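Worksheet: one structure, shown below.
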Number of protein chains: 2
Amino acid sequence: MRAGASMDALLVVRSGSAKRFTLTLEGTEQVHGFVLPGEAVGLEGFATGRYGCEVSALEPLSYCRVPMRKLEQLLERLPGLRREMLRLLGQALDEALRLRGELAETDARGRVARFLADLSVRLARRGFPPHEIRLSMSRADIARHLGLTLETVSRAFGTFKREGWLRVRARNISVLRPEALAALIGATPCV
Amino acid sequence: MRAGASMDALLVVRSGSAKRFTLTLEGTEQVHGFVLPGEAVGLEGFATGRYGCEVSALEPLSYCRVPMRKLEQLLERLPGLRREMLRLLGQALDEALRLRGELAETDARGRVARFLADLSVRLARRGFPPHEIRLSMSRADIARHLGLTLETVSRAFGTFKREGWLRVRARNISVLRPEALAALIGATPCV
DNA sequence: GCGGCAATTTGATCCGTATCAAAATCTGAC
DNA sequence: GTCAGATTTTGATACGGATCAAATTGCCGC
């Protein structure tokens, strides 16, 4: 999906994962987030009729495509779908606001902890084991998502590993002490 | 408007301004943004049926209230309103994403410049002079919105004043060189 | 105009993360 | 298994903004 392209369909990822981002004037990526199975992309396109960001797959991926024409027809007939669309958009908005607030007031390790906790919740929601995380994105992607440098992200993983909270082998993360991560960010652990 | 309260209406500010925020566990405010005339609040409530953040007036304010029951009836009958609601939500989402990205990659003065430029655009949109800004919020509110401390915000204003880009007298800001601020953030100036 | 309080500005120091640099590890192709 | 290239980790230093503290300014009642 390309930013600026005409929004002719809503896309929902079925399997695999993807990266949502925009390109800055300097050509660097602003990583808005990562898309997991069951999640929709392109919602911000309702603003102008054109997609507002780029989405690229991080691994082989399959998705479902709902043409706008079809969507409008369905919205005409199904009050339940109308509510569901508003719910979906409201949730995306709520998440974006929440993420933004956290960025503003949490330090590097807190952000990484929250990133992992968030992934855990979303994996659990889809029935995957929440504490065995296979990261499909690079440290650089994570860093650009969290407003940090890749070195700082790496150091945060290093700290958590030394504390015995995580097992880290490249992109395979085992969360050994979810309650420790949760305590760091003031939340209740997933599972 | 209180976070967690049942979302029984959509609110649109008519005159005056307000602050959107959530309370953190420590009791501090995460300021999501400021509401100007013509702008809606409470959209994130579609996610759960409950408002997701607090909104409090920064000055005497009037607003328009659309009960959810009424809204659903209207959505049933008016395809144009359906599109408009989706557009409104898409725009809120797009803005939230954009703001978040900027927070992650801009330094203190850049954020303050962007804050002022954004206000200029929104004031101009409603027919107010874009370069005479009367801030209805405190430095602390601005700081919490931008993920800075109030001292840092003050220093940014101080720098811009010394450079001759701004006239600052307490909460009255005159933008003397909009193109300088715009250049700082890589954008075209408003007006 | 004057007094008192809150908001803002200014100053000095410290800490966390960015930056630059280099070593170590992982990955996929052969 | 081995090799080359990319990714990740680790190390040393520098800088921006946070923090603590104090002075100044603006605001509102009298």
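The figures that follow rest on heavy atoms only: side chains count, while hydrogens, waters and symmetry mates do not. Since this is a predicted model, take the numbers as computed values, not measurements. Throughout, protein chains are lettered first and strands after them, A, B, ... in sequence-line order, and every chain is numbered starting at 1.
For dT9(C), the OP1/OP2 oxygens have a side-chain nitrogen or oxygen of Arg139(B) closer than 4.0 Å.
In the hydrophobic clustering of ILVMFWY residues, with side-chain heavy atoms under 4.5 Å counting as a link, Leu86(A) and Val66(A) come out together.
Here Thr149(B) lies in heavy-atom contact (under 4.0 Å) with a base. Residue Ser154(B) is classed as a base contact, given a heavy-atom separation below 4.0 Å to a base. If you check every strand for non-hydrogen atoms under 4.0 Å, Leu148(B) touches sugar and phosphate atoms only. Residue contacts shown for Gly147(A) are limited to sugar-phosphate atoms, with no base heavy atom under 4.0 Å away. Among the protein residues, Val168(A) comes within range of the sugar-phosphate backbone only, with heavy atoms under 4.0 Å from sugar or phosphate atoms but none that close to a base.
No N or O donor and acceptor, one from the side chain of Arg162(B) and one from the base of dT9(C), sit under 3.5 Å apart.
The CZ-P distance, from Phe157(B) to dT25(D), rounds to 19 Å in whole Å. As rounded to whole Å, 14 Å separates atom C1' of dG16(D) from atom CD of Glu151(B). In this structure, Arg111(B) atom CZ and dG16(D) atom P are separated by 14 Å, rounded to whole Å. Spacing between atom CD1 of Ile173(B) and atom C1' of dG26(D) amounts to 14 Å, rounded to whole angstrom units. The CD-P distance, from Glu105(A) to dG17(D), rounds to 18 Å in whole Å. At whole-Å resolution of the value, CG in Leu135(B) and C1' in dA7(C) are 13 Å apart. Taking atom CG of residue Leu150(B) and atom P of nucleotide dG26(D), one finds them 17 Å apart after rounding to whole Å. When the P atom of dG26(D) is taken as reference, atom CZ of Arg134(B) falls 17 Å away, rounded to whole Å.
Taking the six-membered ring where tryptophan is involved, the planes of Phe160(B) and Trp165(B) are essentially parallel, since the angle between them stays under 30° and well short of 60°.
Defined by atom type and a distance below 3.5 Å, a donor-acceptor pair is present between the side-chain atoms of Thr22(B) and Gln30(B).
Taking the side chain of Ala108(A) as heavy atoms from C-beta on, and the options dT17(C), dA18(D), dT8(D), the nearest nucleotide is dT17(C). Of the listed nucleotides (dT7(D), dA18(C), dA18(D)), dA18(D) has the atom at the smallest distance from the side chain of Thr152(B).
Looking at Val153(B), Leu99(B), Leu103(B) one by one, the single match for side chain to side chain contact (heavy atoms under 4.5 Å, CB included) with Arg111(B) turns out to be Leu103(B). Each of Arg2(B), Glu29(B), Lys19(B) was evaluated against Ser56(B); a single residue qualifies, Lys19(B), per the side chain to side chain contact (heavy atoms under 4.5 Å, CB included) test.
The 5' end of DNA chain C is approached more closely, in terms of each residue's nearest nucleotide, by Arg155(B) than by the other of Arg155(B) and Arg169(A). Heavy-atom nearest nucleotides on DNA chain C were determined for Ala170(A) and for Asp107(A), and the one closer to the 5' end corresponds to Asp107(A).
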